[in-house]
Amino acid sequence: MEKDREFMILINNINKGYMLGEEKVPVLKNVCFQVKKGEFVAILGPSGSGKTTLMNIIGCMDIADSGEYYLDGNAIHEMEESELNDVRNKEIGFIFQNYQLIPTYNILQNIIMPLVVRGMSSGEAEEKCMDTIRLLGLDHRLRHKPSELSGGQKQRVSIARALVGEPAILLADEPTGALDSVSGQEVLKLFGKLNAMGHTIVMITHDLNVAKAAGRIVHIIDGELSEEESREGE
Ligand SMILES: Nc1ncnc2c1ncn2[C@@H]1O[C@H](COP(=O)(O)OP(=O)(O)O)[C@@H](O)[C@H]1O
Ligand SMILES: [Mg+2]
């Protein structure tokens with residue numbers, strides 16, 4: 001498996017369908033997808049094309065019916081439920097359109113949560129998170145509740161929370177979908193900065209202008225994946 005180590009994500013011939021009555025309706029069809037370490041890739045496709053289904057598989061929240069999935073060299077398709085939970089908690093930093101912050105927690109409590117869940121004390125977790133908090137410009141907002149923040153700030157909190165667990169990949173589903181265009185651009189710029197720092201990012205979107213922030217675009221249409229033609233000269 002040594003040759004696979006340059007890939008953070010290596011997906012071979014994944015199929016996934018849902019039962020509709022007696023019949024299985026295919027949603028992902030022989031999907032092959034590779035992401036190298038340190039890449040920033042966008043998966044672009046219209047509503048209903050299978051983006052969320054694919055994200056759930058990449059994020060170890062669901063399993064494919066057939067095919068192989070290696071994450072950082074580990075055979076996800078061979079894992080039991082408990083191992084999948086472990087990989088999901090340690091290796092995937094999720095960023096959602098609607099932020100998914102805990103409303104009763106303040107910003108600091110939201111950000112340190114992944115470390116506290118792993119058994120770290122709040123004090124130790126806070127110390128470990130301070131660099132990330134500063135990087136995202138959130139150090140003056142730590143005692144605020146999510147409801148007191150703008151959409152762009154809330155998304156920065158959710159990105160901080162995704163980062164503190166030091167995941168293998170950041171996995172973002174329509175991360176700018178609920179934001180005005182200025183805040184959306186700021187989030188995309190931040191992704192560019194995180195990518196330049198070495199983070200591997202997979203971003204799912206239906207919006208070509210959002211996808212263009214990534215280094216590479218992969219199209220999904222009707223459950224089939226295809227690489228975009230070279231964008232050189234653009
Ligand atoms: N749990 C489910 N049960 C049955 N059909 C589903 C389920 N989830 C998604 N689908 C169907 O799979 C297709 C792709 O859905 P989805 O992955 O959510 O697409 P996207 O995120 O690109 O909008 C759609 O036709 C949808 O209706
Ligand atoms: Mg979706």
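Numbering of ligands and ligand atoms starts at 1, following listing order.
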### Query
Any N/O/S of T52 under 2.8 Å from the Mg ion (ligand 2)?
yes
### Message
With a 4.5 Å cut-off on side-chain heavy atoms, are K128 and E166 touching?
### Response
yes
### Query
Can you find a pair of side-chain heavy atoms, one from I169 and one from I92, that are under 4.5 Å apart?
yes
### Message
Surrounding CD of E83 (heavy atoms of other residues, nucleotides or ligands, distance under 6.0 Å), is the total greater than 12?
### Response
yes
### Message
Below the 3.5 angstrom mark, is there an N/O of V27, backbone or side chain, next to an N/O of ligand 1?
### Response
no
### Summary
With sequence neighbours left out, the residues meeting side chain to side chain contact (heavy atoms under 4.5 Å, CB included) with Q153 are R141, L149, S150, R156
### Message
I'd like to know if D173 pairs up with K51 as an ion pair, taking the criterion as any Lys NZ or Arg NE/NH1/NH2 lying under 4.0 Å from an Asp or Glu carboxylate oxygen.
### Response
no
### P46: numbered ligand 1 atoms lying under 4.0 Å from its heavy atoms
22 (O)
### Query
Any idea which atoms of ligand 1 are less than 4.0 Å away from a heavy-atom of T53?
15 (O), 16 (P), 17 (O)
### Message
Within the protein, is there a heavy atom lying under 4.0 Å from atom 2 (C) of ligand 1?
### Response
yes
### Task
Would you confirm whether any non-hydrogen atom of the protein falls under 4.0 Å from atom 27 (O) of ligand 1?
no
### Message
Check for me whether S49 has a heavy atom closer than 4.0 Å to any atom of ligand 1.
### Response
yes
Considering only the protein, which heavy-atom contact is closest to [atom], and what is its distance?
{"atom": "atom 20 (P) of ligand 1", "answer": "G48 N, 3.5 Å"}
{"atom": "atom 19 (O) of ligand 1", "answer": "G50 N, 3.2 Å"}
{"atom": "atom 18 (O) of ligand 1", "answer": "T52 CB, 3.7 Å"}
{"atom": "atom 6 (C) of ligand 1", "answer": "Y18 CD1, 3.1 Å"}

### Task
Drop me the distance from L136's CG to D131's CG, to the nearest 0.5 angstrom.
11.0 Å
### Task
Determine whether the aromatic ring centres of Y70 and H77 lie less than 6.0 Å apart.
yes
#### Entry: Trace of the side-chain contact (heavy atoms from CB on, under 4.5 Å) decision for E6 with K37
CA-CA 6 Å; E6 73 174 297; K37 288 182 182 170; over 6 Å; no
